[in-house]
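Chain A is the first sequence line, chain B the second, and so forth, proteins listed ahead of strands; every chain is numbered from 1.
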2 protein chains.
Amino acid sequence: MNAPLVSILDDEPEIRAILTEALEEAGFRTQSFSRAREFEAALKRVVPDVCLVDLSLPDTDGLTLVHRLALERGATVIIISGRAQVQDRVTGLELGADDYITKPFDPAEVVARIRARLRSSRSAPQSGQTARFNGWIAHFDRYVLEDESGTETPFSHAEGEVLRLFLDSPKRLISRAQMQDGLGGAAGESFDRAMDVRISRLRTKLREDPKNPRLIKTIYGAGYIFLGDVSWS
Amino acid sequence: MNAPLVSILDDEPEIRAILTEALEEAGFRTQSFSRAREFEAALKRVVPDVCLVDLSLPDTDGLTLVHRLALERGATVIIISGRAQVQDRVTGLELGADDYITKPFDPAEVVARIRARLRSSRSAPQSGQTARFNGWIAHFDRYVLEDESGTETPFSHAEGEVLRLFLDSPKRLISRAQMQDGLGGAAGESFDRAMDVRISRLRTKLREDPKNPRLIKTIYGAGYIFLGDVSWS
DNA sequence: GAACCTTTGTAACAATTCGTAAGGTTTGAG
DNA sequence: CTCAAACCTTACGAATTGTTACAAAGGTTC
C-alpha cells in the first residue's frame, strides 16, 4: 500500500517548507509547487490524493482553480487561505473545496484534516477495523476473532462493543459506569448484570482461564483492566 | 430524491434553534436532541446523512460517542465545540470526526461544511452497470449474475435493488432502516419482513453457506454488512 | 381468454442473540 | 474465620432474524 500523495500549491517558500516537513513526518508523500501553471502540468501525470491550495496566488484566480479541480476532476481539495472572513470560507466550500483552513495554521491540524478526508474518500479499506493483541487478531469488519493458528471464532455485535472498548484503552482501568456509557447505553438502568454476561461471553471466546485471566482482569469494586499489547491497523 | 437528514445533538436549546432554522432554510430535514441517550435511540431506526455533535454534553463523553458513530457505524460526524485549542481539534478529527467547527460559529459556514461533506460522500459510490466482486460479476443491465465459470443466474428487480445497495457501500454496516430508505418505494410501516426474504433469496443466488455466510453478514440488532472487494465498471 | 410462469409479499416455524433471573464463587473488611 | 457485597456463570425466555411454503399480482404464450 502506497503512502498517500499530497500536492501543495503555495507561493510562500516558508509555508511550503513547513507543510512538507509536517506531512512527510506524518508519513505522506509530498509534491510542492509555487505556481498554478506547474501545478496543473503535474496534475496531468498523477492525480494526488489531496491538494492543498493557497488562494492568494499571483498568477491565477485561486477560486477558479479550485472549482476546476474539485468539481470537474473530482480531486480532494483543501483550501489554505489568509482570508478568514466567513464569506470567504463559505464561497470556497461552495465552489467545491472539501475543507478550508485559515492562516495562521498549526501543521498538526492540517495533518488531522487531511487524514479525515482520506478516511472518508476510501470506503473500502477503512482503517481501525483490525486489531492485533497477544496472538489474537480481531476483525471488526467481519465480526471474527482469529487465532494464532488461523482458526476463526465469530463474535456478536454486543461482544464486539465490549471488545472494542477494551482495545481502545488497554492497560487502563475502565469503570463499570464508563462501560455502560460506552456500550450504547441500552438503558439497562437498574440491572447492569447484562454487562457481566457480555464480558463473561467474551472471556469464553478469548479462552480465558477463569481462575487466572490473562487479558480481561477484574478489579474488585472498581472495574476492569484489559492487559495486552494492542496495535490497530 | 429525499432531502438529506441532519441530526443535531446539543444541550443548549438556543443553539439547537439556530441550527435547525438555518438548516431547514437551506433545504435539509433536521432532527435535534439534547441528550446522547435519546440521540442514540433514534439512531437505531434511521442513520442520518450528517450528525452535528456538541462535545460538551452533560451525560456522556462526547469523544467516545463520536468515535463509535464515525468508525463503528460509518456515519458522517461534524463536531461543534466550544473548545478551540488545536489539540482539541486534532484529537476530535483523529477519533473519526469529518470536520470540527468551533463556537461561536456562523450558521452559513455550518451549512457550507455540511454540503461539502455530502458532496464527497455522494460521489464515492459510482453506480455503473457492471460490478465485480469475489469471483462474481453482476450485470445490472441484463439482470444477471455471472459465475466464475461463466454460468449465469438471473436475478429479479427486487433482488437487484438490495444487491446494488450492498455493492455501493461494501464493508460498512447498513442498518435495516437505511435499507428501507434505500429501497425507496415500500417505505410504509408495512411489515419489513419482506426485506429479510429479499436478502434470503439473494443469499441463495450467491450460494452462501447459511451457517457461515461469507458475503452478506447479519449483525443482530444492527443491520447487515457486505464483505467483498467491489469494483464497478 | 385461459393456462402458465415469474415475481413478490405474507405467514408460519426454526434458529440465533441477548437480557434477566437465580444460583454459586470470589473478594475484602472486621 | 465469618459474612456481606461484588462478581461469574448457567439457564431460560423474549425479541430478532432465517427460511420455507403459499397466495396474490402481473405478464406471457398459445
To the nearest Å, give me how far apart [atom1] ([X]) and [atom2] ([N]) are.
X: B/I219; N: C/dC18; atom1: CD1; atom2: C1'; value: 15 Å
X: B/N212; N: C/dA15; atom1: CG; atom2: P; value: 18 Å
X: B/E159; N: C/dG9; atom1: CD; atom2: C1'; value: 13 Å
X: B/I199; N: D/dT20; atom1: CD1; atom2: P; value: 15 Å
X: B/L202; N: D/dT19; atom1: CG; atom2: C1'; value: 15 Å
X: A/M179; N: D/dA6; atom1: CE; atom2: C1'; value: 16 Å
X: B/L215; N: D/dG18; atom1: CG; atom2: P; value: 15 Å
X: A/D196; N: D/dA5; atom1: CG; atom2: C1'; value: 13 Å

(message) I'd like to know if B/R16 pairs up with B/D10 as an ion pair, taking the criterion as any Lys NZ or Arg NE/NH1/NH2 lying under 4.0 Å from an Asp or Glu carboxylate oxygen.
(response) no
So, OP1 or OP2 of [N]: does either fall under 4.0 Å of a side-chain N or O from [X]?
X: B/R198; N: C/dG9; value: yes
X: B/Y143; N: C/dT7; value: no
X: A/K211; N: C/dT26; value: yes
X: A/T218; N: D/dC7; value: no

Nearest to the side chain of [X], which nucleotide is it out of [options]?
X: B/V197; options: D/dG18, D/dC8, D/dT19; value: D/dT19
X: B/Y224; options: D/dT19, C/dG9, D/dT17; value: D/dT17
X: B/R193; options: D/dT10, C/dA12, C/dG9; value: C/dA12
X: B/S156; options: D/dA11, C/dT8, D/dA5; value: C/dT8

(message) Can you confirm whether more than 12 heavy atoms, excluding those of A/E152, are under 6.0 Å from its CD atom?
(response) yes
(message) If I take atom CG from residue A/D106 and atom CZ from residue B/R89, how far apart are they, to the nearest 0.5 angstrom?
(response) 8.5 Å
(request) Look at the side chain of B/Y220 and the base of D/dA15, then say whether one donor and one acceptor between them are separated by less than 3.5 Å. (result) yes
(request) Check if the side chain of A/R201 and the base of C/dG19 share a donor-acceptor pair of N or O atoms closer than 3.5 Å. (result) yes
(message) Please confirm whether the ring centroid of B/F140 lies under 6.0 Å from the ring centroid of B/W232.
(response) yes
(request) Verify, without hydrogens or angle tests, whether B/S156 (side chain) and B/E159 (backbone) share a donor-acceptor contact under 3.5 angstrom. (result) yes
